[in-house]
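So you know, we letter chains A, B, ... as the sequences are listed, proteins then strands, and number each from 1. Heavy-atom basis, side chains included; hydrogens, waters and symmetry copies ignored.
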2 protein chains.
Amino acid sequence: MTKNIPSTIKYYVFSKDKDFQLDSGLKFGPITVAYETFGELNENKDNAVLVIHALTANTHVCSHYDKDRKTEGWWDNIAGPNKPIDTKKYFVICSNYLGGCYGTTGPSSINPDTGRPFGLDFPIITVRDMVKVQKKLIDHLGIKKLKLVLGGSLGGMQVLEWSVLYPDSLERAIVIASAYKTSPQVIAFGEVGRYAIMSDDNFNNGNYYNSKLPEKGLSIARMIAHITYLSKEAMELKFGRDIKGEILETDKLHGIFGPMFQVESYLRYQGQKFVQRFDANTYIYITKAMDMYDLTKDRENISHALSSVKCKMLVVSFTSDWHFRPSESWEIVKVMMNLKKEVSYVNIDSDYGHDAFLIKNDEMEKIIASYLKF
Amino acid sequence: MTKNIPSTIKYYVFSKDKDFQLDSGLKFGPITVAYETFGELNENKDNAVLVIHALTANTHVCSHYDKDRKTEGWWDNIAGPNKPIDTKKYFVICSNYLGGCYGTTGPSSINPDTGRPFGLDFPIITVRDMVKVQKKLIDHLGIKKLKLVLGGSLGGMQVLEWSVLYPDSLERAIVIASAYKTSPQVIAFGEVGRYAIMSDDNFNNGNYYNSKLPEKGLSIARMIAHITYLSKEAMELKFGRDIKGEILETDKLHGIFGPMFQVESYLRYQGQKFVQRFDANTYIYITKAMDMYDLTKDRENISHALSSVKCKMLVVSFTSDWHFRPSESWEIVKVMMNLKKEVSYVNIDSDYGHDAFLIKNDEMEKIIASYLKF
């Protein structure tokens, strides 16, 4: 266990007076932010990298060793000792977003006014709110300027907001597999997922914490999402039309419809695994925040919105990503170029679809490593 | 009301001895086939065109006038008086598939052995079974050779099977927006839909006919399917990120998550409309048959399978169809060309995705009209 891999999740509590101004106009608090850091902050506090996680991830970016027990990080190929974001050199921070279920205040947190989980009494939050909460944490850590802010998908949207809201607080930004506003197709898939959760008889208007969970609905939402994360090509390569021999014990009913495809079995498994680790209300709140996201909201247009950017920006997309298409990344790049901003763009050749940013990829690793030195 | 637009659905009953051989090995019967015909069969019985409907359509290809009341046909731009398939000249037949809920024997039909609807006691059926049932109907009508067999999507799969199973019984075939086997992505979406239906508390192991219907599950399945029928471009054009002002009366819960997008509202509406007209068990049986479909099953390979084809074949795809991609149509064409069969291929430029074959399209109309004369 090396000392530059810290071991525990930390918490920062603020807005004890309930004065945190939400995008919706409401004031809210107290807010607990769960975060992890990896590596050490130097004396000048100028080696900090903020990694922003996507929809269903958590603060655990890098692997962690507790004695001999290793808990895998979700971005081990990118961040860690001797990795592109080298934690021997950089201080990596990752916080769970507002509304989350991995430590930060969210719908499953106890509402201090009632002593019960918020459920649907949790206020509506936006991507901008998530970023404002992160900024509070960065201020708390005494960091004036981040070396780099980066993230994929929902994380990438937050990177964009960072670069616009706090132009003096970051030196570089990497926006991966993302968009400056959500496409109607992404909204549509999001909506079906939310509808499935709310249609689950166990949902009970969001008050399910002391009874049966809306597992079927959340499982359906996850299955749909999983399809959108994989490319058609990746599915061909990974599953083809292979048949799974055995029929799941829990799935006698399916059995009557003959053999089950590997891809069906895989999706069922992904759905079942997900419900054990994720809160259904958080899923609803955060997908809705993602679907509502539009960088131009309360700003004249995209050109006006990006005009305040001061950092260097790298935009990365993946050829087979049909959920957040390369053309959506290119939209950002074009505007930045027209504004004569320092922007770079890479469309990485990959068969893995939207998931590509979470999968080991030599090109992405090289690009991120060199961008930090650039 | 012109006399070449017939008015009523007809029924043909066969296999009263339960001797119809299913693909699964089981014998089944009696089978009622619901069908409609438009135009008149000529004396030589050589002007018949078999239109095969897709997953959720029915026998009602052409508009029908009952006194002054018009019931729209689902393919009015293609078939009807003075249309590309001119019912003044051709005798158009369309039957509901085996397992259906529009008149042909299916899971919602009464099981003569029990006096109750079959439900999940209905046997597993395949695309090949559907075609064999259609052939019984064509024999019954005394037609030796069909002038043309055509259909889109699931209909296209049946056209392929027709051309292989009964090479001497058709002169021409048009396979539209289809494939010779279902891709894992289509299977994956199908699986989530089936899972949603079976997860509905009202599903009750398929025995819901005398109680509450699994409307939520079927609605979710339909919403998912609808997204796959539209292209990303079509969604941009049709909905963009437009907001629907009012909140549905039935949807107070959604209201707390702020405004609703047009695309969300549209999907909800499509889901709700569908459950009033379609049987959930049929949806499960037929999507599973579709997902299991592979022309090469029990045949050596695709080249071997298509080697028996004797008809002229036209394959049509649409540029923006990501559910059944042009490349999947092209696969069929390539093999047919290698086999030196009479095959033509058109990839029609359209923004409408998989739905394009059901939408008015000048190019498709011209191509079908000229292919009949060719």
Side-chain angles (χ1 to χ4, degrees), chain A residues 24 120 124 181-192 194-196 198-203 205-206 215-217 219-220 223-224 226-227 230-232 235-236 238-242 251 253-254 256-268 271 284-285 288 291-292 294 322 325, chain B residues 24 120 124 181-185 187-192 194-196 198-203 205-206 215-217 219-220 223-224 226-227 230-232 235-236 238-242 251 253-254 256-268 271 284-285 288-289 291-292 294 322 325:
Chain A
S24 64
L120 298 187
I124 296 301
K181 62 180 178 185
T182 321
S183 74
Q185 193 186 63
V186 171
I187 294 171
F189 282 119
E191 160 62 6
V192 183
R194 290 188 291 274
Y195 181 79
M198 293 185 193
S199 297
D200 189 309
D201 284 337
N202 293 338
F203 182 65
N205 216 17
E215 290 189 353
K216 287 173 183 168
S219 190
I220 291 167
M223 289 164 83
I224 298 168
H226 242 285
I227 303 175
L230 297 174
S231 70
K232 199 150 179 150
M235 282 198 158
E236 289 286 355
K238 194 165 179 169
F239 311 109
R241 291 177 51 90
D242 295 348
D251 192 35
L253 182 59
H254 198 284
I256 76 148
F257 293 107
M260 192 180 206
F261 289 103
Q262 285 289 0
V263 65
E264 295 179 306
S265 162
Y266 170 83
L267 286 177
R268 293 275 178 111
I284 295 175
Y285 275 84
K288 187 73 190 184
D291 289 351
M292 292 298 294
D294 183 349
W322 59 277
R325 292 189 179 182
Chain B
S24 63
L120 298 187
I124 295 302
K181 62 180 177 185
T182 320
S183 74
Q185 194 186 62
I187 295 171
F189 281 120
E191 159 63 6
V192 183
R194 290 188 291 275
Y195 181 78
M198 293 186 195
S199 297
D200 189 308
D201 284 338
N202 293 339
F203 182 65
N205 217 15
E215 291 189 352
K216 288 173 183 170
S219 189
I220 292 167
M223 290 164 82
I224 298 168
H226 242 285
I227 304 175
L230 298 174
S231 70
K232 198 150 181 151
M235 283 199 157
E236 289 285 356
K238 192 165 182 170
F239 311 109
R241 291 176 53 89
D242 295 348
D251 191 36
L253 182 60
H254 198 282
I256 77 147
F257 294 107
M260 192 180 207
F261 289 103
Q262 286 288 1
V263 64
E264 295 180 305
S265 163
Y266 170 83
L267 286 177
R268 292 276 178 111
I284 295 175
Y285 275 84
K288 188 71 189 184
D291 290 352
M292 292 298 294
D294 184 348
W322 59 278
R325 292 189 179 182

Quiz prompt | Heavy-atom side-chain contact between A:Glu236 and B:Ser183 under 4.5 Å | solution = yes
Exercise. Can you see which heavy atom on B:Met223 is nearest to which on A:Val192, and at what distance?
Key: CB-CG2, 3.7 Å
Quiz item: Given that the side chain runs from C-beta out, which part of A:Asp291 has a heavy atom under 4.5 Å from chain B: side chain, backbone, both or neither?
Solution: both
Quiz item: What part of A:Ser24 is in contact with chain B, defined as an atom under 4.5 angstrom from a non-hydrogen atom: side chain, backbone, both or neither?
Solution: neither
Quiz prompt | Student check: side-chain heavy atoms of B:Glu191 and A:Phe261 closer than 4.5 Å | solution = no
Quiz item: Between A:Lys216 and B:Asp201, is there a salt bridge with N-O shorter than 4.0 Å?
Solution: yes
Quiz item: Is the B:Trp322 ring parallel, tilted or perpendicular to the A:Trp322 ring (thresholds 30°, 60°)?
Solution: tilted
Exercise. Could you tell me whether the side chain of B:Arg241 and the main chain of A:Pro184 form a donor-acceptor pair under 3.5 Å?
Key: no
Quiz prompt | Interface moiety of B:Phe189 toward chain A, non-hydrogen atoms closer than 4.5 Å | solution = both
Quiz item: Tell me, side chain or backbone of B:Asp242 under 4.5 Å from chain A's heavy atoms, or both, or neither?
Solution: neither
Practice problem: Please look at B:Lys238 and chain A and tell me whether the side chain, the backbone, both or neither of the residue comes under 4.5 angstrom of a heavy atom of that chain. | Solution: neither
Quiz item: Relative to chain B, which segment of A:Asp294 carries a heavy atom at a distance below 4.5 Å: side chain, backbone, both, or neither?
Solution: both
Quiz item: Non-hydrogen atoms of chain B under 4.5 Å away: do they reach the side chain of A:Ile220, the backbone, both or neither?
Solution: both
